[in-house]
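Here's the structure we're looking at; comments come further down.
It should be emphasised that the depicted structure is a prediction, and the values quoted were computed from it without experimental measurement. Throughout, residue positions are numbered sequentially from 1 according to the sequence presented.
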Amino acid sequence: MKKIVLIAAAAGLMSLAACNKPADTSANNAADAAVIDNTAGVMEDTSNATTNEVVGNAMDAAPEATGNATTNAM
């Protein structure tokens with residue numbers, strides 16, 4: 001009789017442990033999704049800032065390049 005109770009208790013504990021794993025995994029997945037979302041936002045912001053700076057520099061340099069081309073053509 002002791003063995004049956006021990007086996008039943010062990011089975012119950014194993015079932016309880018198995019049921020808790022998906023909840024933990026779901027929390028980890030949610031945390032990972034938040035990190036990925038934040039990283040994507042940072043990358044997008046960095047990309048936009050870099051693009052704006054590059055375009056701004058090109059626009060600043062365009063009149064000078066045009067002036068040089070005109071001077072060299074004469």
Side-chain angles (χ1 to χ4, degrees):
M1 189 68 170
K2 276 185 170 179
K3 287 183 182 180
I4 294 174
V5 171
L6 184 61
I7 291 171
L13 290 174
M14 288 173 46
S15 297
L16 183 62
C19 289
N20 286 334
K21 293 224 180 217
D24 185 39
T25 302
S26 296
N28 286 340
N29 289 344
D32 290 345
V35 168
I36 290 169
D37 188 45
N38 289 340
T39 303
V42 168
M43 291 175 68
E44 184 178 2
D45 292 345
T46 303
S47 172
N48 288 339
T50 303
T51 301
N52 290 342
E53 184 177 341
V54 169
V55 169
N57 289 343
M59 291 178 68
D60 291 343
E64 183 179 333
T66 304
N68 291 341
T70 305
T71 303
N72 292 336
M74 293 180 162

Got a sec, which residues hit side-chain contact (heavy atoms from CB on, under 4.5 Å) with Val55, two or more places apart in sequence or on another chain? Thr51, Met59
Considering only Ile, Leu, Val, Met, Phe, Trp and Tyr, and joining two whenever side-chain heavy atoms are under 4.5 Å apart, list the other residues clustered with Met43. none
For Thr39, which of Asp37, Val42, Ile36, Val35 qualifies under side chain to side chain contact (heavy atoms under 4.5 Å, CB included)? Val35
